[in-house]
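Sequential numbering from 1 along the given sequence is applied to the chain's residues.
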Amino acid sequence: MALKITVIGTGYLGATHAAAMAELGFEVLGLDVVPEKIEMLQRGEVPMYEPGLEELLRKHVAGIEGSSGRLRFTMDFAEVAEFGDIHFVCVNTPQKHGEYACDMSYVDAAFASLAPHLTGPALVVGKSTVPVGSADRLARTLTGLAPAGDEVELAWNPEFLREGFAVQDTLHPDRIVAGIRSERAEKLLREVYATPLSEGTPFVVTDFPTAELVKTAANSFLATKISFINAMAEVCEAGGGDVVKLAEAIGHDDRIGKKFLRAGIGFGGGCLPKDIRAFMARAGELGADQALTFLREIDSINMRRRGQMVEMTREALGGSSFLGKRIAVLGATFKPDSDDVRDSPALNVAGQIHLQGGQVTVYDPKGMDNARRLFPTLGYAETAVDAVRGAHAVLHLTEWREFRELDPAALGEVATDRVVLDGRNALDPSVWRAAGWTYRAMGRPTA
Ligand code: UGA
């Protein structure tokens with residue numbers, strides 16, 4: 001009989017995982033504790049913008065015309081326990097308020113709510129990003145609280161999906177990491193992932209701590225790559241180099257690679273910043289803090305970029321204050337193809353300029369509602385052209401395709417001054433200059 005799967009927590013990770021599991025042919029029951037989320041999902045609507053996710057959901061949510069009916073949602077843990085052979089825990093692990101450490105309260109609550117209902121054999125699979133050592137502790141919680149005792153087992157299976165590519169990354173992952181303690185757990189996970197495994201996706205079997213560490217190590221490496229190129233951008237600024245050419249040239253060495261070497265205002269979002277901080281905090285608890293002190297530098301290079309963008313803008317406006325200056329900000333989300341504004345470098349820069357007296361008008365293709373909620377005092381425009389109308393400077397802060405396709409000549413007609421600052425090194429300087437714009441980017445003082 002086909003496995004029945006439940007997914008606990010239907011945020012980014014969980015909603016995508018649930019839809020993907022239904023796509024792979026399983027019967028799926030998703031659970032969340034937020035009623036509004038469940039109501040939306042039951043209607044086949046996604047609470048965030050993620051390309052392809054709504055289509056996938058509508059293809060499988062029960063009650064939607066023409067759907068497979070394999071995907072349902074509930075708020076009831078007893079129903080989840082009764083239904084599933086395998087329970088994926090996909091709740092979020094944000095940064096603790098006022099601390100670097102990871103807030104485990106949602107994970108702990110999910111385990112505490114599920115376990116007492118587990119009266120028969122089950123595999124619980126953790127997907128959330130957690131500090132090393134958590135799985136070991138949670139395994140004990142499970143067997144302690146579950147009436148089925150040792151028949152309930154834990155596995156740790158970290159998730160590497162990127163926002164904007166969540167569906168693709170979930171259906172066709174570049175690797176599957178399985179932290180397991182028994183052959184049975186491995187067999188079940190191989191059954192769940194039979195389709196991607198048949199496509200050749202590598203399956204890496206590890207113990208619990210390694211599985212937990214793979215995730216934080218991967219995100220730390222990515223953060224390090226970005227801060228490395230941003231540090232090179234700082235040196236290029238000082239020494240007159242061009243960081244884009246530099247990245248291209250070092251990227252030809254395939255030990256280094258071209259990816260994740262785009263210099264600019266740096267990384268943000270709900271993962272990289274909090275994950276490197278939680279990793280440092282955990283290393284400290286384990287007495288291994290020295291091993292990760294470099295991440296402190298990665299973090300500070302990254303945070304410095306935002307201030308440098310503000311200063312570059314001030315300079316472009318004549319070097320004194322922002323008072324009386326109108327600044328158009330193109331982009332609010334932390335990256336394109338997402339509506340996520342969590343720790344967004346773009347909004348941080350917009351906010352700083354606003355606080356220093358600049359008249360900031362923001363436009364983003366998908367992130368407007370979230371941006372307005374977070375920064376209600378900024379100005380917002382309905383289109384890029386409206387944001388640029390009357391501006392003394394245009395800041396390109398999130399590299400949406402829409403912005404690369406703008407017509408600089410038409411924008412020049414409505415701007416007060418033709419000054420564009422590219423915080424993502426993604427616009428074509430020659431096209432903007434040909435239309436009479438002064439183009440300035442980060443890490444390319446003379447480009
Ligand atoms: C990141 C990881 O890439 C995923 O593998 C991981 O699963 C996920 O976190 C997670 O932990 O859940 P994501 O946060 O969606 O995914 O975003 P990324 O694509 O990694 O981008 C992060 C930030 O780095 C963005 O603000 C982006 O603009 C910035 N970035 C990226 C650069 O500044 N330069 C680059 O070259 C690449």
Side-chain angles (χ1 to χ4, degrees), residues 9 11-13 89-110 126-138 156 158-163 177 208-231 234 260 262-309 333-335 338 340-349 351-352 370 374-375:
Y12 235 102
L13 168 56
V89 177
C90 297
V91 298
N92 63 334
T93 49
Q95 188 175 338
K96 264 190 194 165
H97 195 68
E99 274 179 61
Y100 269 15
C102 160
D103 176 357
M104 285 290 286
S105 60
Y106 302 106
V107 174
D108 290 339
K127 272 201 158 301
S128 310
T129 302
V130 296
V132 59
S134 306
D136 183 52
R137 173 176 66 79
L138 292 164
W156 212 264
E159 178 58 53
F160 305 101
L161 68 80
R162 298 160 296 170
E163 292 187 18
V177 174
F208 281 180
T210 308
E212 293 164 314
L213 284 168
V214 169
K215 173 64 196 239
T216 30
N219 275 0
S220 299
F221 192 85
L222 294 172
T224 301
K225 250 191 135 174
I226 299 170
S227 277
F228 174 83
I229 202 64
N230 281 331
E234 287 186 14
F260 262 64
R262 211 180 45 253
I265 54 173
F267 59 82
C271 301
L272 261 43
K274 66 110 176 154
D275 284 354
I276 61 171
R277 293 173 194 153
F279 201 17
M280 283 186 268
R282 184 62 183 141
E285 288 167 6
L286 294 169
D289 40 336
Q290 256 193 339
L292 296 188
T293 42
F294 77 97
L295 287 178
R296 214 174 282 279
E297 200 51 47
I298 299 307
D299 200 2
S300 71
I301 292 168
N302 189 55
M303 296 309 283
R304 200 150 76 213
R305 299 306 282 165
R306 304 171 181 194
Q308 282 162 352
M309 187 72 216
T333 53
F334 84 104
K335 67 187 259 188
S338 164
D340 196 342
V341 299
R342 282 178 296 171
D343 199 5
S344 165
L347 272 187
N348 182 299
V349 169
Q352 288 193 51
N370 287 339
L374 200 64
F375 280 93

*Can you check side chain to side chain contact (heavy atoms under 4.5 Å, CB included) on N219 and C271, steps first, answer last?*
CA-CA 8 Å; N219 275 0; C271 301; 4.1 Å; yes
*What are the two closest heavy atoms between G133 and R282, and how far apart are they?*
CA-NH2, 4.2 Å
_Verdict with supporting geometry, E159 and Y12, side chain to side chain contact (heavy atoms under 4.5 Å, CB included)_ = CA-CA 11 Å; E159 178 58 53; Y12 235 102; over 6 Å; no
_Is any side-chain heavy atom of P273 closer than 4.5 Å to one of F334?_
no
*Measure across P158 and A211 and return the closest heavy-atom pair with its distance rounded to 0.1 Å.*
CG-O, 3.4 Å
*Donor-acceptor contact present, side-chain K335 to main-chain E163, <3.5 Å*: yes
*Under the salt bridge (Lys or Arg N to Asp or Glu O under 4.0 Å) rule, what pairs show up with a residue in residues 266-277, not counting sequence neighbours?*
R277-D299
*Side-chain heavy-atom pair M104, S134 within 4.5 angstrom cut-off*: yes
*asked:* Suppose the criterion is salt bridge (Lys or Arg N to Asp or Glu O under 4.0 Å): which pairs have a residue in residues 212-225, not counting sequence neighbours?
replied: none
*To the nearest 0.5 Å, how far apart are OG in S227 and CZ in F294?*
10.5 Å
*Tell me, yes or no, whether the heavy-atom count around Y106 atom OH, taken from other residues, nucleotides or ligands under 6.0 Å, exceeds 12.*
no
*Compare all side-chain heavy atoms of L213 with those of F279 and state whether any distance is below 4.5 angstrom.*
yes
*With the side chain counted from C-beta on, respond yes when V132 and L286 share a heavy-atom pair under 4.5 Å apart, and no when they do not.*
yes
*Measure the CD1-CG distance between I226 and L272 for me, rounded to the nearest 0.5 Å.*
5.5 Å
*Over all heavy atoms of both residues, which pair between I298 and A223 is shortest? Give the atoms and the distance, please.*
CG2-O, 3.6 Å
*What is the distance from atom CG of N370 to atom CZ of R342, rounded to the nearest 0.5 Å?*
9.5 Å
_Chi angles and distances behind the side chain to side chain contact (heavy atoms under 4.5 Å, CB included) call for T216, T129_ = CA-CA 7 Å; T216 30; T129 302; 4.2 Å; yes
*Rounded distance (nearest 0.5 Å) linking atom CD1 of I265 with atom CZ of R306*: 7.5 Å
_Note, V130 side chain near W156 side chain (heavy atom, < 4.5 Å)_ = yes
*Would you check if the side chain of N92 reaches a backbone N or O of P94 as a donor-acceptor pair within less than 3.5 Å?*
no
*If you take all heavy atoms of G9 and C90, which pair is closest and at what distance?*
O-CB, 3.7 Å
*Residue pair V91 / A110: nearest heavy atoms and the distance that separates them*: CG1-CB, 4.4 Å
*Give a yes or no on whether the backbone of A346 and the side-chain of S344 come within a donor-acceptor separation of less than 3.5 Å.*
yes
*Under the side chain to side chain contact (heavy atoms under 4.5 Å, CB included) rule, what do D289 and M280 come out as? Steps first, then yes or no, please.*
CA-CA 6 Å; D289 40 336; M280 283 186 268; over 6 Å; no
*Does the side chain of F267 come within less than 4.5 Å of I276's, by heavy atoms?*
yes
*Return yes if a side-chain donor-acceptor contact under 3.5 Å exists between Q352 and N348, otherwise no.*
yes
*Could you pull out the closest heavy-atom pair between G266 and N230, with the gap in Å?*
CA-ND2, 3.6 Å
_Checking the side chain of Q95 only, and the main-chain atoms of E99 only, is there a donor and an acceptor separated by less than 3.5 Å?_
yes
*Looking at CZ of F228 and CZ of F260, how far apart are the two atoms once the value is rounded to the nearest 0.5 Å?*
16.0 Å
